[in-house]
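Note: hydrogens, waters and symmetry copies are ignored here, and every other heavy atom, side chains too, is used.
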Amino acid sequence: MDTQVRTPQQIFMQPQRLLVPLFQRPYVWNQESQWMPLWQDLERIANRLLASSDQQQPHFLGAVVFQQIQNPTGNLQQRTVIDGQQRLTTLQILLDSLHAEINLVGESDASKRLELLIRNPKEYCDHHEDQFKVWPTNKDRQAFNEVMAMDMPATYQSLKNKGSKLVLAHQFFSEQFKRWLNEGGADEIPARVKAIERTTRELLQIVVIDLTASENAQEIFETLNARGSQLTAADLIKNFVFQRLLEQGADIESSYSNHWKQFETGFWEQEISVGRVKAPRSSIFLNHWLICQTTEEIVSREVFSRFKSFADYDIAPMTMPELLARIHGASIKYKDFIDRGDVLEGAIDRIGLFLYRTKAMEMEVVKPALLAIFDRDQDQIDLNDINASLEIIESWLIRRMLVRGTTKAYNKIMTEMIKVIQKTPTGQLSSALRAFLSNQTSDSSYWPDDKEVKSELSNLMIYRKIGRGRLRMVLEAIEDYRRGWIGDQVSMSGVRVRRGTYAIEHLMPQSWERHWPLTDGYTEQNRNDRIHKLGNLTLLSSKLNSSVSNGSWGGEEGKRSSLLKRDVLFLNRSVTDDAGLVWDEGGIDARTEGLIDDILAIWPVPAGHQSSARTKKEVSTIRVTIQDLIAADLLHPGQVLYPSDSKSIDEAAVILQDGSIGIGDNISDTPSGAGKFLRKRAINGWGFWLLDPLTKQSLRDIRTQYLDQLMADGTDIDNIDEDEVS
């Protein structure tokens, strides 16, 4: 066994074939979980190189295992891929798409260098497939061959295998490379080509484990993939810090008791979600603190390596005990922030309210900026200026959330914001941040103005588009505003609404057909378009009985009477005070406009502010597959599916390991394909197949759970490329 850390250049340069065995699973990586994070890593490294050629920190991609195949001397060298086929296949797709885009901008030398990494010279090829450095498992070969051999620029929709994840991956990376290469205009293209080429060839690192032909590959595979407890960033940093303390002759016991022991309590060991990644709060804090100190984008995978370089080179002549004390001081402030934001009832200060609202938005990304704001001596802190600063940042975040602006560049924006914070004198921070955010012009950072927010919210089915926790937070803020809580002004009418506990209620129910006849002049579509609008939503201290919730509006037992009996929220007064009010489409539209006016007042922009012209809105096109649901632990191989129109057990299907669906000897790639095979006609497979005939839970219900999670993570799901009917 030989183990080396290698780059894509070192892995793919020599003529060879890396063969994925037939028994390994097909290609399953997707945009949300793997392609986008990989692209963001590449973009970040390339941007560092563009800014300074000295910024050459490598990025670790994981491990692969190869086993040598004995073949005659002089033949093309071959190895079996024992582990890591998803990673290797993705790298080949990525390199091929970059090669094509670099070709299109006329950088031929770079293109030729990349071609050496994706194709074997023809002199080594006895067969057509010998040209490919990686050869995937059977199911993927046709799509891989087609997409790797196509001419560019490509029309992906014309490919026979256009729905394959391999084709979709190639299209995704091509689009990202094209956008990035052309981002700075024609004059910057040569420098950008150089940066991105070097990043992909030399600054990605993979641990390559090379087995001889006689070694037990299965045993090694099982050992590598056995479940174990991974060391967290906090674990690694602790070991590093205390090893250095030992070398420097420091008092280890005192350092541990005074400055580290707290990180091993329940508060700091609690796992927190940041996007789709879960990590102990201690590791997330150290990531945020390091971003604050370095003003660099640092993802979770890089925290330990960046901390080491920070400790070794950036803080001289600070000693390790001094550094540890500095971390400890920041951690006390960090915990105080979180504790303030967790107060759910009664009075809450501006810092706590900011933390509560950003938590509802799942915006952990703002915490480094908050650390930077308070990274001053106590006598240099102007609390009024800080409160005004938090209101500005909150307005920027919430307005972007409401117009569903992309969050992909928020890490970068926060590092720029930290630089502004660090160079701004005490008392001038709110003015500096107002100017900084007002001057943002890109789609990823601009501050939406009143006109845009009003236009977006007037017709937005907000209940389905921004997530329940975020929507509740917005409605709570409107209720507080109507109670007199305006900015720093203390209300004379009483306490704030209880936070994070009220139920969201549709005034006109989602199931309106039985008790709510259509209004003259309106169609069913007109009504359905309004059901999830802002004006039809309110808060209740507890959920209504379903018969009342879905019942009629008027009468002694109607919905209006029930609202009057159980709630005194200002949000409901405009619809409950008037006994003669008929709640209809016109009422929803009018209330929507009123609530929008409140939102614009709660989260204002500077006087006269106008959004910069937006380019095409960035919307993810999502194609959900059974394999995606398996990867999300919502389904599992071997799970039985039942037709919704039959009670016969003989017609059951089963989910297979690769996400396909088996019925007897037939295997279908999609739910609709399996339904069509069974019924011999076009079928909406997501609604047709049930997981349990008794509960009637369908594949559509599971897919909805998956989409809700994506939406909670900030993905816009306006465009869903569904396999609805086959």
- Message: I'd like to know whether CD of Gln142 has more than 12 heavy-atom contacts from other residues, nucleotides or ligands below 6.0 angstrom.
- Response: no

- Item | Heavy-atom check, side chain of Gln627 versus side chain of Asn30, under 4.5 Å | no

- Is Arg301 salt-bridged to Asp41, going by a charged N under 4.0 Å from an acidic O? yes

- Could you go through the salt bridge (charged side-chain N to carboxylate O under 4.0 Å, His left out) check for Arg48 and Glu302 one step at a time? CA-CA 14 Å; Arg48 285 177 186 165; Glu302 298 176 348; 3.1 Å; yes

- Query: Is the shortest side-chain N to carboxylate O distance from Arg404 to Glu456 below 4.0 Å?
  - Reply: yes

- Task: Report yes if some heavy atom in the side chain of Trp29 is under 4.5 Å from a heavy atom in the side chain of Lys165; otherwise report no.
- Result: no

- Glu146 side-chain N/O to Val167 backbone N/O, donor-acceptor pair under 3.5 Å: no

- Item | Distance-minimising heavy-atom pair for Ile284 and Val274 | CD1-CG2, 3.5 Å

- Classify the side-chain pair Ser174/Tyr156 by whether it contains a donor and acceptor separated by less than 3.5 Å. yes

- Query: Ion pair present between Arg470 and Glu362, side-chain N to carboxylate O less than 4.0 angstrom?
  - Reply: yes

- Beyond-backbone contact of Leu290 with Arg306, side-chain heavy atoms, under 4.5 angstrom: yes

- Message: Can you give me the closest heavy-atom contact between Ser33 and Pro37, atom names plus distance?
- Response: O-CG, 3.4 Å

- When you look at Thr295 and Gln422, which way does the side chain to side chain contact (heavy atoms under 4.5 Å, CB included) test go after all the steps? CA-CA 10 Å; Thr295 65; Gln422 291 175 343; 3.5 Å; yes

- Query: Quick one: CD1 on Ile626 to OG1 on Thr670, what's the gap to the nearest 0.5 Å?
  - Reply: 8.5 Å

- Task: Please report the shortest heavy-atom distance between Leu286 and Ala234, naming the atom on each side.
- Result: CD1-CA, 3.8 Å

- Any donor and acceptor pair, going by atom type alone, linking the side chain of Thr415 with main-chain N or O of Glu296 inside 3.5 Å? no

- Task: Would you name the heavy atoms of Thr137 and Pro21 that are closest together and state the gap between them?
- Result: OG1-O, 3.3 Å

- Message: Please check: side-chain N/O of Thr80 versus main-chain N/O of Ile82, any donor-acceptor pairing under 3.5 Å?
- Response: no

- Query: Do Arg141 and Asn138 have side-chain atoms, one donor and one acceptor, less than 3.5 Å apart?
  - Reply: yes

- Message: A cation-pi test, strictly: NZ or CZ of Arg400 under 6.0 Å from the centre of the six-membered ring of Trp447 and no more than 45 degrees from its axis. Yes or no?
- Response: no

- Message: Quick one about Asp235 and Thr232 (side-chain donor to acceptor, distance below 3.5 Å, no hydrogens or angles considered), yes or no?
- Response: yes

- When the ring planes of Tyr410 and Trp396 are compared, do they come out parallel, tilted or perpendicular, using 30° and 60° as the limits? tilted

- Looking at CZ of Arg44 and OG1 of Thr199, how far apart are the two atoms once the value is rounded to the nearest 0.5 Å? 11.0 Å

- Under 3.5 Å donor-acceptor, Gln86 side chain and Pro26 backbone: yes

- Message: Assess the residue pair Glu197 and Arg201 against the criterion (salt bridge (charged side-chain N to carboxylate O under 4.0 Å, His left out)); give the C-alpha distance rounded to whole Å, side-chain angles, the decisive distance to 0.1 Å, and a yes or no.
- Response: CA-CA 6 Å; Glu197 181 209 356; Arg201 287 197 301 113; 2.9 Å; yes

- Task: Using modelled atom types only, decide if a donor and an acceptor are shared between the side chain of Asn182 and the backbone of Lys178 within a distance under 3.5 Å.
- Result: yes

- Message: Is it the case that the side chains of Ser108 and Ser111 hold a donor-acceptor pair, with the cut-off being a distance below 3.5 Å and no angle test?
- Response: no

- Task: Nearest 0.5 Å please: distance from the OG1 atom of Thr7 over to the CG atom of Leu61.
- Result: 10.5 Å

- Note on the structure: Residues Ala110 and Ile102: closest non-hydrogen pair is CB-CG2, 4.0 Å

- Item | Lys/Arg N to Asp/Glu carboxylate O, Arg179 vs Glu175, below 4.0 Å | no

- Item | Pair Arg192 + Asp187: basic N to acidic O under 4.0 Å | no

- Query: Between Trp289 and Phe310, does the ring centre distance come in under 6.0 Å?
  - Reply: yes

- Task: Show your working on salt bridge (charged side-chain N to carboxylate O under 4.0 Å, His left out) between Arg703 and Asp628 and close with a plain yes or no.
- Result: CA-CA 9 Å; Arg703 186 187 65 186; Asp628 293 327; over 6 Å; no

- Message: Looking at Ala435, is its backbone amide N or carbonyl O close enough to the side chain of Asn439 to form a donor-acceptor pair, meaning the two atoms are under 3.5 Å apart?
- Response: yes

- Message: Within the 4.5 Å heavy-atom criterion, are Leu91 and Phe12 side-chain neighbours or not?
- Response: yes

- Query: Would you call the rings of Phe132 and His128 parallel, tilted or perpendicular, where under 30° means parallel and over 60° means perpendicular?
  - Reply: perpendicular

- Query: Distance-only, no hydrogens or angles: does the Thr406 side chain make a donor-acceptor pair with backbone N or O of Lys408 under 3.5 Å?
  - Reply: yes

- Task: Can you label the angle between the Tyr27 ring and the Trp35 ring as parallel, tilted or perpendicular, going by 30° and 60°?
- Result: parallel

- Task: Using a strict 4.0 Å threshold on nitrogen-to-oxygen distance, state whether Asp312 and Arg244 make a salt bridge.
- Result: yes

- Note, Gln4 side chain near Gln10 side chain (heavy atom, < 4.5 Å): no

- Item | Taking every non-hydrogen atom, the tightest pair across Ala233 and Ser283 | N-OG, 3.5 Å

- Task: May I ask you to decide if Phe66's main-chain N or O and Arg79's side chain share a donor-acceptor pair within less than 3.5 Å?
- Result: no

- Message: When you compare the side chain of Leu166 with that of Asn161, does any pair of heavy atoms fall below 4.5 Å?
- Response: no

- Salt bridge flag under 4.0 Å for residues Lys112 and Glu115: no

- Message: Under a 3.5 Å threshold, yes or no: a donor from one side chain and an acceptor from the other, between Trp135 and Asp130?
- Response: no

- Is the closest side-chain heavy-atom distance between Ile418 and Val420 below 4.5 Å? no

- Message: Please check: side-chain N/O of Thr155 versus main-chain N/O of Ser158, any donor-acceptor pairing under 3.5 Å?
- Response: no

- Heavy-atom donor-acceptor pair, Gln92 side chain to Leu117 backbone, under 3.5 Å: yes

- Message: Below 30° counts as parallel, above 60° as perpendicular, anything between as tilted: where do the rings of Phe177 and Trp39 land?
- Response: perpendicular

- Task: Mind checking the CD-CD spacing from Gln68 to Gln77? Nearest 0.5 Å is all I need.
- Result: 7.0 Å

- Message: Run Leu433 and Ile421 through side chain to side chain contact (heavy atoms under 4.5 Å, CB included) and show every step you take.
- Response: CA-CA 8 Å; Leu433 288 175; Ile421 292 166; 4.2 Å; yes

- Answer yes or no: is there a side-chain heavy-atom contact under 4.5 Å between Glu364 and His288? yes

- Message: Please report the interatomic distance CD1(Ile393) to CZ(Phe436), rounded to the nearest 0.5 Å.
- Response: 9.5 Å

- Query: Between Glu202 and Arg198, is there a side-chain N and carboxylate O pair less than 4.0 Å apart?
  - Reply: yes

- Message: Testing the 3.5 Å rule here: is there a donor-acceptor pair between the side chains of Asn120 and Lys133?
- Response: yes

- Message: Is a donor from one side chain sitting under 3.5 angstrom from an acceptor on the other, for Gln78 and Arg17?
- Response: no

- If you measure from CZ on Phe172 to CD on Gln34, what distance do you get to the nearest 0.5 Å? 11.0 Å

- Tell me, yes or no, whether the heavy-atom count around Lys194 atom NZ, taken from other residues, nucleotides or ligands under 6.0 Å, exceeds 12. no

